[in-house]
Amino acid sequence: MVENRPFAQFMAYLTLALGVVIVAFPVYLAIMASTFDAATIINGNMPLVPGDQAAVNYPRALFYGGVHAREPVAGMMFNSMIMALGIAIGKILISILSAFAVVYFKFPFRKTAFWIIFITLMLPVEVRIYPTYKIVADLGLLDTYTGLVMPLIASATGTLLFRQFFMTIPDELLEASKIDGAGAFRFFKDTLLPLSMTTIAALFVIQFIYGWNQYLWPLLITTKSSMQTIVIGIKKMITTTDALTEWQIAMTTAVLAMLPPVLVVIFMQRLFVKGLVETEK
Amino acid sequence: MAGVTLDTVRKVYAGNVEAVKGVSLGIEDGSFCVLVGPSGCGKSTLLRMIAGLETISGGEVKIGDRIVNQVEPADRDIAMVFQNYALYPHMSVYDNMAYGLKNRGTPKDEIEKRVKEAARILAIESFLARKPRQLSGGQRQRVAMGRAIVRKPQVFLFDEPLSNLDAKLRVQMRVEIKRLQRALGVTSIYVTHDQVEAMTLSDKLVVMSGGQIEQVGTPSEVYRRPETRFVATFIGSPPMNILPGTVEAPGRVSIGGQSIAVTDMREGLTPGSAIEVGLRPEDVQAGGTGTSSLSMDVDFVEELGATQLFHGKVAGAEFIVQASTGQLPADTRRLALAVEPANVHLFDPQTTKRLGRV
């Protein structure tokens, strides 16, 4: 389509810019807030240009924490990182293997197995939270990384994604590798895995962010402050009972919490987009 | 090297669909055997059973002296070229060709020697570092063949390898496959639905239909003496004309009142009984006169460059005649056709089998 209407173009850009501003302004505000001291924020006249307290706020948040919570953000970030990585990697492992089984092996009740996996899509953590909590508690996994990660690994999204991808791989490729003397495992390792790289990247990005942003589950099963994740940490900093909220530290923590997902997206973006629109075989 | 022997091989799919109905066939060591037939005739299924990609429901497949029914594809000592090439998209051309050897634990220098050798034969040496997607269709096909060659198998299996290529390249690759097979002397089984490919490539032509073998023979045998009406109309382009006729006397049949002489006619046919008369478009002499002749009403003419095809009717049945261009004016409305008695094929209208001399 060839069009040359300057006004229409201007309007389009204006709409876009407006959208960006609406979405980005709170983020900008958080970043700004993390560069002032508490007094400046509390008196309600926080300037929209950066202040000079960043060098104070960031080290304090990272290694000391809030005045009341007294929990260094570095530790929380470590917990969140373990949880997010655990969920992302665990999910990829489980789902690529189960998709491999469902697509390439003929066994009795294969369809049933697939449908059982599929049905779990309709049961997110929030729905099955009580039984899951009960099981994790009975297994003595409260306040452990295993307890944080394991219940969230099992889900059907990844299996479905890999299954759809595997179905697009021509059967002849499997047959060619059979004739080339590659067994099931070698076909998986030498052919399927390299071809799935972009899908894996896409799933990793989605699941890393999913894991990083978990709130309800870690809130339920962690009681020790040393096991807290950063999302819980922010919440704790904001709700204080008998003192002023240290907004500058809360905002600093929020900015720090945004960082890893942003980095993951930036560095894996190219692969990620390719994985979602992959058509070339 | 080894031949391939099939003994009443059957394939029954779930739901009792019989794709291959008891095929027996001997393929001599070093020969080029082409399985040809319309889609769904079971030719690909048969090939895949030889390859070990389909289980065998009944009968025996032997490669050399070994029964391979229960042998894994990798251990059958075969190599296969697929229609869509089935190259590993993430591997370089070199790795594609080396993969099978690597899996077998062939030493590295031996692999390199064989891949280089195959690449030289196929003239793909300059692409060895490339990925399949950077190659054209013809080049991919060569790589697929290279992957088969490096294995030095007992048998090559080709599953419609040229179907994805354009017409010009197909002709070129056809010649190359033939030359390669001659040079390597490896028993080859080739599946195609293209009768020109089948005729030009094969030492042994197997025409299949409905899961069964219709006829086995050299290309010229199959062309000269088709055993059934199906083979007669399937092999040859344009297809053989089939006219309804009646038996007149030994050595003579009548088509709509026009009598022609036949050399190859079974004895003892009842005069007056119905019979089908087959005439190849290239075997009748348009505009000629002779002892046997037919008259044809021309509907239209197709120009093919060197030849012309006259479409029309003989005794009410569709008929095509091939003539050299310029031999007849294009606006010819009525043609006299001279028929050489040796070129007339007779078929039983019920069984569709040939009614030639026993």
Side-chain angles (χ1 to χ4, degrees), chain A residues 92 96 99-100 103-112 161-162 164-204 268 270-281, chain B residues 14 44 47-55 71-92 95-106 111 131-134 140 143-148 150-151 153-161 163-164:
Chain A
I92 288 168
I96 199 168
F100 180 53
V103 175
Y104 287 103
F105 290 86
K106 292 193 171 47
F107 51 90
F109 304 112
R110 176 165 78 145
K111 275 247 165 72
T112 321
L161 196 66
F162 281 118
Q164 291 318 106
F165 173 68
F166 290 168
M167 307 267 267
T168 67
I169 293 178
D171 286 343
E172 282 85 355
L173 221 50
L174 172 67
E175 290 169 352
S177 54
K178 264 189 199 163
I179 290 175
D180 271 340
F185 178 70
R186 213 179 251 172
F187 170 67
F188 179 74
K189 179 175 77 83
D190 288 348
T191 305
L192 225 41
L193 212 53
L195 289 179
S196 309
M197 244 27 224
T198 51
T199 311
I200 290 176
L203 198 62
F204 180 83
M268 300 192 80
R270 206 173 50 86
L271 273 176
F272 170 71
V273 172
K274 243 172 106 185
L276 290 183
V277 298
E278 186 76 67
T279 48
E280 189 200 14
K281 286 288 106 61
Chain B
S44 277
L47 188 80
R48 292 165 56 80
M49 282 196 282
I50 299 171
L53 298 172
E54 297 272 359
T55 54
V71 179
E72 288 289 314
D75 302 325
R76 290 192 181 192
D77 215 356
I78 48 130
M80 188 152 169
V81 178
F82 295 88
Q83 181 179 352
N84 64 3
Y85 325 127
L87 299 174
Y88 308 113
H90 57 291
M91 292 186 199
S92 69
D95 288 336
N96 260 290
M97 287 162 72
Y99 186 60
L101 296 175
K102 259 183 213 159
N103 288 342
R104 275 179 181 67
T106 315
I111 293 180
K131 293 275 170 63
R133 67 167 174 274
Q134 296 165 298
R140 284 182 209 192
V143 177
M145 291 204 303
R147 186 166 65 178
V150 293
R151 301 261 309 276
Q154 306 267 24
V155 183
F156 281 140
L157 304 175
F158 296 92
D159 191 3
E160 310 208 11
S163 305
N164 284 7

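Lettering follows sequence order; numbering is per chain, from 1.
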- Search all heavy atoms of B:Ala86 against all heavy atoms of A:Ala176 and return the closest pair with its distance. O-CB, 3.8 Å

- Message: Apply salt bridge (Lys or Arg N to Asp or Glu O under 4.0 Å) to residues A:Asp180 and B:Arg104 and explain how you reach the verdict.
- Response: CA-CA 8 Å; A:Asp180 271 340; B:Arg104 275 179 181 67; 5.3 Å; no

- Tell me, side chain or backbone of B:Arg48 under 4.5 Å from chain A's heavy atoms, or both, or neither? side chain

- Query: Given the rule in the side-chain contact (heavy atoms from CB on, under 4.5 Å) test, do A:Glu172 and B:Asp159 qualify, once you have shown the distances and angles that lead to the verdict?
  - Reply: CA-CA 11 Å; A:Glu172 282 85 355; B:Asp159 191 3; over 6 Å; no

- Query: Does A:Phe107 CZ have over 12 foreign heavy atoms under 6.0 Å away?
  - Reply: yes

- Return the option, out of B:Ile78, B:Val81, B:Asn103, with the maximum number of heavy-atom pairs under 4.5 Å with chain A. B:Asn103

- What residue in B:Ala144, B:Ala79, B:Ala74 has the most heavy-atom pairs under 4.5 Å with chain A? B:Ala74

- Does the side chain to side chain donor-acceptor pair (under 3.5 Å) test come out yes or no for B:Tyr88 and A:Asp190, once each step is laid out? CA-CA 9 Å; B:Tyr88 308 113; A:Asp190 288 348; over 6 Å; no

- Query: Is any side-chain heavy atom of B:Pro89 less than 4.5 Å from a side-chain heavy atom of A:Leu173?
  - Reply: yes

- Item | 4.5 Å side-chain heavy-atom contact, A:Pro170 and B:Phe82 | no

- Below 4.5 Å, heavy atoms only, C-beta onward: do A:Lys178 and B:Glu72 meet side chain to side chain? no

- Item | B:Leu53 vs A:Ile179, side-chain contact (heavy atoms from CB on, under 4.5 Å): CA-CA, chis, key distance, verdict | CA-CA 9 Å; B:Leu53 298 172; A:Ile179 290 175; 4.3 Å; yes

- Within 6.0 angstrom of A:Phe109 CZ, more than 12 heavy atoms from elsewhere: no

